[in-house]
Amino acid sequence: MTEPVIASRLRGIPPTIFTEMSALAAATGAVNLGQGFPDVDGPREVVQRAEAALRGGANQYAPGPGVPALRTAIARHQERHYGLTLDPMTEVVVTTGATEAIAAAMLALVDPGDEVIVLEPFYDSYPATIQMAGGVRRPVTLRAPAFRLDVDALRAAVSDRTRLILLNSPHNPTGTALTPSELDAVASIAIEHDLLVVTDEVYEHLTYDVPHVPLATIPGMFERTLTISSIGKSYSLTGWKVGWATGPARLVEAVLAAKQWLTFTSGAPLQPAAAYALDEHGDWPRELAADLRVRRDLLCQGLRSLGLDVVVPEGTYFATTDISALGWADGDAFCRALPHRAGVVAIPTQGFYDSDAGRMLVRWAFCKRPELIEEALGRLAGADLHA
Ligand code: PMP
Ligand code: GLN
């Protein structure tokens with residue numbers, strides 16, 4: 001058989017860079033500032049709840065849309081933080097991480113040939129799942145160094161084939177948190193062209209000095225917006241893969257229509273614990289953000305003192321640098337050499353672009369203990385980083 005075995009819907013999609021770079025970190029013993037996962041777990045009591053659920057018999061299938069306690073806790077969370085009132089039974093669905101919510105949303109809402117407008121650089125599951133749905137991505141670039149939304153470019157990207165806008169704020173990898181006026185612009189374009197918006201807000205609580213504004217709170221947007229989040233980033237429990245989508249019943253039902261054939265239902269023992277986290281440890285994410293802010297500044301200052309141009313993020317736990325000054329052909333070559341040169345792993349973000357705009361950009365994670373960040377900075381300072 002000479003034909004490729006992989007179906008066209010997956011052909012040409014590269015393996016996720018995160019797995020690749022974490023494997024490189026493990027193989028070389030490098031400090032991993034690549035893949036975004038914290039090296040300290042979230043609240044102990046929350047983990048104990050999961051343990052109790054496992055021991056207490058919550059080990060069979062959860063209801064398809066999620067256990068009622070978690071759906072209710074998610075609805076309360078949206079009300080408490082954003083004043084959004086949701087019916088937990090029809091306007092909330094629990095998913096296997098935000099990743100499943102994104103995939104289910106694309107499969108449920110995008111028909112072959114439909115165009116999906118997506119902010120470039122894009123988190124890598126977006127192009128993959130758009131392609132799996134048969135959709136066509138239309139990138140709108142957040143340009144370095146400010147990484148702000150270009151509203152004219154967004155407007156120009158709309159065509160008569162546009163089905164939806166896939167938004168992400170706070171934005172991975174740039175750290176941009178869209179401002180109320182940028183969100184207003186998205187809203188007016190979506191309303192004018194009658195578009196749906198899927199908004200990935202997994203970093204909703206990890207913002208520094210700026211508030212997180214959910215798109216669904218902008219007048220006229222709730223009815224056309226599907227909002228996605230998860231427990232992973234807010235509570236430093238990325239391995240749990242408990243996520244959710246919220247919005248008007250017709251959009252939540254669409255996600256559920258796809259989700260039931262992807263995973264049917266998500267991890268039963270983790271759901272009551274996630275509900276407990278949202279209900280009883282509501283301040284934990286803000287405390288995490290305050291702590292991360294210090295680590296952000298430590299990393300950014302350290303990278304700057306190495307002579308790198310750093311973009312200080314408003315949200316997420318990633319900082320981006322431009323490595324042009326070091327003489328490399330691109331960020332990918334730099335990141336592949338870095339573990340060997342300096343014993344540090346970072347992520348080249350050029351793979352998150354269709355255009356050339358990210359060729360020299362490299363992302364560094366600061367969701368690690370300060371001593372690990374210092375260790376990485378020390379290693380970088382002691383290495384020759386030039387090509
Ligand atoms: N969206 C973005 C922007 C992310 O950075 C991540 C990182 N994990 C995800 C979605 C996936 O979230 P989860 O782990 O809950 O699937
Ligand atoms: N969201 C995390 C990141 O951007 C990890 C994603 C993943 O490993 N798929 O680094």
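Both counts, for ligands and for their atoms, begin at 1 and track the order of listing. Below, each value reflects all heavy atoms present in this structure, side chains not excepted, and no hydrogens, waters or symmetry copies. Quick caveat, the model's predicted, so the values are computed rather than measured.
With hydrogens and angles ignored, the 3.5 Å screen pairs a side-chain donor or acceptor of Glu91 with a backbone N or O of Asp87. Without hydrogens or angle criteria, Arg379 side chain to Gly343 main chain gives a donor-acceptor distance under 3.5 Å. Not a single donor-acceptor pair under 3.5 Å links the side chain of Glu115 to the backbone N or O of Gly135.
The neighbour count for Arg9 CZ, taken as heavy atoms of other residues, nucleotides or ligands under 6.0 Å away, does not exceed 12. Heavy-atom contacts from other residues, nucleotides or ligands closer than 6.0 Å to CZ of Arg11 number more than 12.
Nearest protein heavy-atom contact of atom 1 (N) of ligand 2 is Lys233 NZ, 3.1 Å. Considering only non-hydrogen protein atoms, atom 7 (C) of ligand 2 sits nearest to Phe18 CD1, 3.6 Å. In this structure, atom 11 (C) of ligand 1 lies nearest to the protein heavy atom Thr99 OG1, 3.3 Å. Ranking protein heavy atoms by distance to atom 9 (N) of ligand 2, first place goes to Tyr123 OH, 3.3 Å.
The CG atom of Leu278 sits 9.5 Å away from atom CZ of Arg76, with the distance rounded to the nearest 0.5 Å.
If you look at Thr96 next to ligand 1, there are no close heavy atoms at all, none under 4.0 Å. When non-hydrogen atoms are compared, ligand 2 lies under 4.0 Å from neither the backbone nor the side chain of Thr238. In Tyr203, the part holding a heavy atom less than 4.0 Å from any atom of ligand 2 is the side chain. Residue Phe37 does not touch ligand 2, judged by heavy-atom distances below 4.0 Å. The backbone and the side chain of Ala98 each have at least one atom closer than 4.0 Å to an atom of ligand 1 (non-hydrogen atoms only). Contact annotation for Asp200 and ligand 1: only side-chain heavy atoms (C-beta onward) come within less than 4.0 Å of the ligand.
Relative orientation of the His81 and His77 rings is tilted, given thresholds of 30° and 60° on the angle between their planes. Ring orientation note: the planes of Phe334 and Trp328 are nearly perpendicular, at an angle over 60° on the 30°/60° scale.
Not close to ligand 2: Thr16, with no non-hydrogen atom less than 4.0 angstrom away. In this structure, Tyr126 has a heavy atom closer than 4.0 Å to ligand 1.
Under a 4.0 Å N-O distance rule, the pair Arg137/Asp354 qualifies as a salt bridge.
Of all atoms in ligand 1, listed by their number and element, those nearer than 4.0 Å to a heavy atom of Tyr203 are 3 (C), 4 (C), 5 (O), 7 (C). Per-residue contacts place Asn172 under 4.0 angstrom from the following atoms of ligand 1 (heavy atoms of the residue considered): 3 (C), 4 (C), 5 (O). Less than 4.0 angstrom separates some heavy atom of Ser230 from each of these atoms of ligand 1: 15 (O). Taking every non-hydrogen atom of Gln35 and a distance limit under 4.0 Å, the qualifying atoms of ligand 2 come out as 5 (C), 7 (C), 8 (O), 10 (O).
Between Tyr203 and His212, a ring centre-to-centre spacing not shorter than 6.0 Å is recorded.
Residue Lys233 holds the heavy atom nearest to atom 7 (C) of ligand 1 of all those in His171, Lys233, Lys241.
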message: The test is side-chain hydrogen bond (donor to acceptor under 3.5 Å, both in side chains); show your working for Trp364 and Thr321 and say whether it passes.
response: CA-CA 8 Å; Trp364 312 76; Thr321 51; 2.7 Å; yes
